[in-house]
J.: 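This is the structure I want to talk about, given as structure tokens.
Bear in mind that the values here come from a model prediction, so they are computed numbers and not experimental data. When a ligand or atom number is given, it counts from 1 through the structure's own listing order.
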Amino acid sequence: MRFDIFSVFPSYLNSLRLSLVGKATEGGSIDIQVHDLRDWTEDRHRTVDDTPVGGGAGMVMRADIWGKALDTAFDADLGTDSPRRVLAIPTPAGYPLTQEICVDLAERCDQIVIACGRYEGIDARVASHYEKLEGVEVFEFSLGDYVLNGGEVAALALVEAVARLVPGVIGNPESLVEESHGSAGLLEYPSYTRPLDWRGESVPAILTSGDHGRVARWQRDEALRKTALRRPDMIAALEAADLDRRDRAALGQHGWYWPKKAEIGMHPFKPVAEIPTNTDAAGDYSELAARTFPDACPKGMSDADIQAFIAKNLSVEAFQNYISSEGWVLVGVRDHDGCLIAYSLCLVPEGDGAAGADEGAPVDAELADGPRIGPLVEMSKFYLDRPWRGSGLAGLLMTATLQELASATRSWERPYVWLGTNRGNSRAQALYTKLGFEPVGSRSFLVGEQNNEDIVMARTLDVTY
Ligand code: ADE
């Protein structure tokens with residue numbers, strides 16, 4: 001791989017003689033030629049710039065000087081037939097430089113010619129001229145959303161980022177896989193070395209456990225955590241189908257979800273819960289509620305009874321009422337297309353909650369942290385659309401619901417929320433247990449003509465968020 005770098009400050013690039021890149025040059029895996037652009041000037045002052053045509057601030061670098069300089073680099077014999085040459089022009093107006101581009105350049109390029117501009121940049125005809133030249137690709141690139149005084153720092157960055165990927169330059173190519181922006185698409189997990197204790201800070205114990213499987217999982221969780229925090233754009237670009245069950249748990253903690261069975265091309269996304277205030281949303285809620293309610297009914301229940309229940313309690317009109325009436329707390333979650341995928345519906349009794357608790361409420365039950373529970377909020381509905389069951393989204397919906405209920409019952413002394421779930425629905429019971437509920441009693445629940453035995457579960461709302 002040959003690099004030709006043109007600059008009016010060639011000594012700026014002396015650091016390329018150091019470190020790994022310097023060694024790679026000495027070893028012959030790369031060849032770096034630095035040129036002084038002023039060598040192609042013909043006037044006494046060695047002028048490389050002129051005022052902008054059409055007016056404007058600053059000076060622009062002249063196309064004729066650049067043309068003469070760059071031609072010499074592109075005329076160089078690289079010893080291969082039809083070599084792939086790239087003219088890289090650093091500019092804050094360029095395409096963002098990424099690891100993916102660096103990998104491509106390192107793997108498939110024979111020569112990178114870097115034109116370091118200064119002042120207001122290089123006459124735009126230079127880029128368009130070389131774009132038309134056969135065998136040359138032009139790549140105007142930016143290091144980031146900030147402005148440097150010239151392209152030299154960006155040239156150093158490009159050479160170092162590409163050179164280390166050229167086969168033979170780095171001793172252990174495996175280290176390239178795990179690093180930030182590597183093939184995993186994540187930022188790298190934190191690294192530690194001896195001493196194991198330093199200024200009261202110790203190395204995470206798991207790293208000295210010798211359990212390679214757990215260490216690998218910890219490192220991946222840390223990479224996911226760091227990436228979710230610092231680079232949500234990278235999480236959003238992950239292929240959901242490539243993420244496993246443990247990744248799901250780790251990313252769920254940071255608010256990222258995807259359906260249980262992710263299709264190819266689907267990415268994680270960060271849903272936010274909504275509290276609908278406009279009755280226009282009632283249609284969406286009614287549709288989801290009608291679709292999901294039958295899934296929670298016991299096997300023997302008749303379709304007519306289920307439909308009668310839906311018509312009475314889950315119609316558009318019913319949801320218009322839930323949205324507009326005091327006392328009902330409706331929370332929803334939508335997917336990235338705005339489609340409603342989960343909802344909860346709770347009934348908060350008026351006053352301090354002591355009176356008006358629903359008939360089925362287990363007022364005499366005991367919870368682990370206290371004898372009698374109450375006042376009571378009823379969690380009447382808590383449903384996820386089918387593709388989202390097992391996605392972890394229940395945690396998000398429950399957190400949002402409890403937050404809303406906690407603020408609705410702030411003046412209560414010891415608020416609790418309870419729900420009834422069919423005795424046979426052990427999946428739901430396991431979920432509610434995970435979400436902090438405990439069984440406190442039972443109740444009868446009438447759907448149409450049929451009486452159902454429900455387990456009643458409850459949890460405190462007395463939590464701080
Ligand atoms: N020249 C000036 N600013 C630059 C940037 N942000 N990236 C690349 N080249 C530049």
J.: Check the side chains of Asn425 and Tyr432 for a donor-acceptor pair under 3.5 angstrom, ignoring hydrogens and angles.
T.: no
J.: What distance do Leu187 atom CG and Glu179 atom CD have between them, rounded to the nearest 0.5 Å?
T.: 11.5 Å
J.: So does Arg459 pair up with Glu438, basic N to acidic O under 4.0 Å?
T.: no
J.: For Lys434, which residues count as a salt bridge (Lys or Arg N to Asp or Glu O under 4.0 Å) partner, sequence neighbours excluded?
T.: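 Counting only residues at least two positions away or on another chain, Lys434 forms no salt bridge (Lys or Arg N to Asp or Glu O under 4.0 Å).
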J.: So which protein residues pack against ligand 1 under 4.0 Å, heavy atoms counted?
T.: Pro90, Thr91, Pro92, Phe141, Ser142, Leu143, Gly144, Tyr146, Val147, Leu148, Gly150, Ala154
J.: Is it the case that Thr421 and Gln429 place a side-chain donor and acceptor less than 3.5 Å from each other?
T.: no
J.: Any salt bridge between Glu137 and Arg85, counting N to O under 4.0 Å?
T.: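 Looking at Glu137 and Arg85, the cut-off is not met.
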